[in-house]
Amino acid sequence: MKISQMKYDILKEVFNIGVGKSASMLSEIVKKRVLLNVPHLELICYENGPVNPLPEAIWKGTLVVSSICFRDKLAGEANLIFPADKMRQFLNLCQGEGQECYLYDLEFDDIDLDIIKEVGNIVLNSIVGELGNFLCLELNYSLPQVKLLSRQEIMANRQNQDYLYRLVLYITFVISDTEINGAIIMDLTLNSLNEIINILDKMEVDLYE
Amino acid sequence: MSSIFSDILNQVDEGIIILDETFRILFWNNFMEQATGVSQDEALEKNVLEVLPGLNRNYFIDSLRQALEKDYRPFFSAGMHRGLITDKAEMNVRGSRYKNADYKLIVIECIDVTSQYVRVNQLKEYVRKLSDLNKELREKEKEIARLAYYDKLTEVANRTLFYNIAEKFINNARRKQEKLGLMFIDLDNFKCINDTYGHKVGDEVLVKVAQILTKSVRANDLVARYGGDEFLILLPGLSDSSHYQKVFSRVMDGVNRVQIAQLPLKVALSVGVSIFPDDGSTVDELITKADRAMYQAKSCGGNACVSYGDCPSGGAVPSHILSSIGLTD
């Protein structure tokens, strides 16, 4: 399934509203300036075999994945992904820790994992919630989960074989002037994608009328 | 709420608060009583923001509203929100909605993670101690390496380091077809200084001389203490065989100004020079030739620099004596 550039732009706008809301909430929580935006969006189809959207050069080593599932009319799973070292940097900024950090980049304690869970929950709920608003659907969300995975595991980690489509949102997090790049991978069923496309079609028609 | 469910919720090992749509507390379990010191009687029917003022923040209120309206499931970590529920314990807070045809409720779960904090803090303290210990060991390793390769008194290279580097310099000079100079420096009348002023002053003289030698050479040259009052200097990449004269001149400038504790002592040096490949092809050969040239300088009264190449065979008085005081060709 292919979607037009116009539809990509509309979706990007919807997601930018979502991340904007989460950025404002995170700013309030960490008491620091937080900016979030989605500069780029991709739709990947699994019909013709596995595809890994994350370029190996950037997404190497351990990745920190925070996930929520959503059900009802729109079904899928949303994952917020950061390279572990970037996540460590983000956590240090969130907790206001100084330069002296005795833990190695890839080590996360229970407190860190809870913070990641919270941040993931805020960002993913905002994005999925905004998509739900856009489609005028009420969704049912699961509790967030945090995992440490490799790039290959993320590719194989598609929870449900019904999730045929992957929406990949490359996001940029700016916290206290430090830029941290991550991604959101949203696995969707064919029906869910159709639901989104139908709405986008209607919007496109309205636009040209 | 039926008594059986209420009893069950009172038994669970986490705080449970149930709110109505106006955030009024409908249920407050035993765990919450113990954690906050607020009894059920005090909490029930009151607004949760009044009973738990830590929750009275925009983002928390917005999250509860979204939970009610959109089934959003808020989660707040103790790591980001200290004292959200109570100052006595660290708690993660989770929210969810229960809805039927007539009403909506919010269930707030407060999970005590204080023990995690204690464990993590212990771990951090342990890692910190290990890190400090590691740092200390690294410093000691550096010190051991320094002692192995540097002279403890003068802090210039010792014999071991000199031989290691000299071999490399010779190989390099051979490969690049360059000249390598070796200066053999011996303090004149050092025994007399020791006998007259004591070994402490003698040591001070050695330290001063080592500092002067180090300041007089280029960054890539090597100054080493060969033993007693003898020093060696390696001058790699010698563009001109007479380059050592400039070094000697700088050394003499420094030595002439040496003053130790207002004592009327005068420091003087005798220097012999050998050049690779002209005077020898091994380190020992170069040292022997430079040593011989140094004795030529000494035999002429000292405080002079003689190149082995300028020594007549048989050890006669050198034809070329540089910067000598009172000694000319």
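In what follows, chains carry the letters A, B, and so on, assigned in the order in which the sequence lines appear, proteins first and then strands, with residues in each chain numbered from 1.
Within a 6.0 Å radius of CD in Gln145(A), no more than 12 heavy atoms belonging to other residues, nucleotides or ligands are found. Environment of NZ in Lys208(B): sparse, with no more than 12 heavy atoms of neighbouring residues, nucleotides or ligands closer than 6.0 Å. Applying the 6.0 Å contact sphere to CG of Asn171(B) captures more than 12 heavy atoms from other residues, nucleotides or ligands. Atom CG of Asn100(B) is surrounded by more than 12 heavy atoms from other residues, nucleotides or ligands within 6.0 Å. Counted within 6.0 Å of OH on Tyr149(B), heavy atoms from surrounding residues, nucleotides or ligands total 12 or fewer; the atom is thus considered open. Heavy atoms from other residues, nucleotides or ligands lying under 6.0 Å from OH of Tyr150(B) number 12 at most. At most 12 heavy atoms of other shown residues, nucleotides or ligands fall within 6.0 angstrom of atom CZ in Arg71(A).
When all heavy atoms of Tyr141(A) and Tyr72(B) are compared, the pair lying nearest together is CD1-CA, 3.8 Å. Scanning all heavy atoms of the two residues, the minimum distance from Asn140(A) to Asp71(B) falls at ND2-OD2, 3.1 Å.
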Hey, mind stepping through Asn133(A) and Lys70(B) against side-chain hydrogen bond (donor to acceptor under 3.5 Å, both in side chains) and telling me if it holds? CA-CA 10 Å; Asn133(A) 284 347; Lys70(B) 296 179 178 166; 3.2 Å; yes

Check the pair Arg57(B), Ile29(A) against side-chain contact (heavy atoms from CB on, under 4.5 Å), reporting the backbone distance first and the verdict last. CA-CA 9 Å; Arg57(B) 294 168 195 179; Ile29(A) 291 173; over 6 Å; no

What's the verdict on side-chain contact (heavy atoms from CB on, under 4.5 Å) for Phe75(B) and Asp114(A), showing C-alpha distance, side-chain angles and the deciding distance? CA-CA 9 Å; Phe75(B) 175 81; Asp114(A) 282 340; 4.1 Å; yes

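A 4.5 Å side-chain heavy-atom check between Ile111(A) and Tyr117(B) finds at least one atom pair inside the cut-off. Contact annotation: the side chain of Lys117(A) never approaches that of Asn92(B) to less than 4.5 Å [non-hydrogen atoms, C-beta and beyond]. Residues Arg119(B) and Asp110(A) meet the side-chain proximity criterion, which asks for heavy atoms closer than 4.5 Å.
Listed by chain and number, the residues in a side chain to side chain donor-acceptor pair (under 3.5 Å) with Thr154(B) are Asp151(B) (sequence neighbours excluded).
In this structure, Glu118(A) contributes its side chain and Ser77(B) its backbone to a donor-acceptor pair below 3.5 Å.
With a 4.5 Å cut-off on non-hydrogen atoms, Glu69(B) touches chain A through its backbone but not through its side chain. If you measure heavy-atom distances from Asn58(B) to chain A, the contacts under 4.5 Å come from both the backbone and the side chain.
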What donor-acceptor contacts under 3.5 angstrom involve side-chain atoms of residues 17-25 of chain A, with partners at least two apart or in another chain?
residue, atom, partner, partner atom, Å
Lys21(A), NZ, Glu130(A), OE1, 2.9
Ser22(A), OG, Val19(A), O, 2.8

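Pairs of residues two or more places apart, or lying in two chains, that qualify as salt bridge (charged side-chain N to carboxylate O under 4.0 Å, His left out) and include a residue from residues 20-36 of chain B are Asp20(B)-Arg24(B), Arg24(B)-Glu45(B).
For residues 120-128 of chain A, a heavy-atom distance under 4.5 Å to chain B picks out Asn121(A), Ile122(A), Asn125(A), given by residue number.
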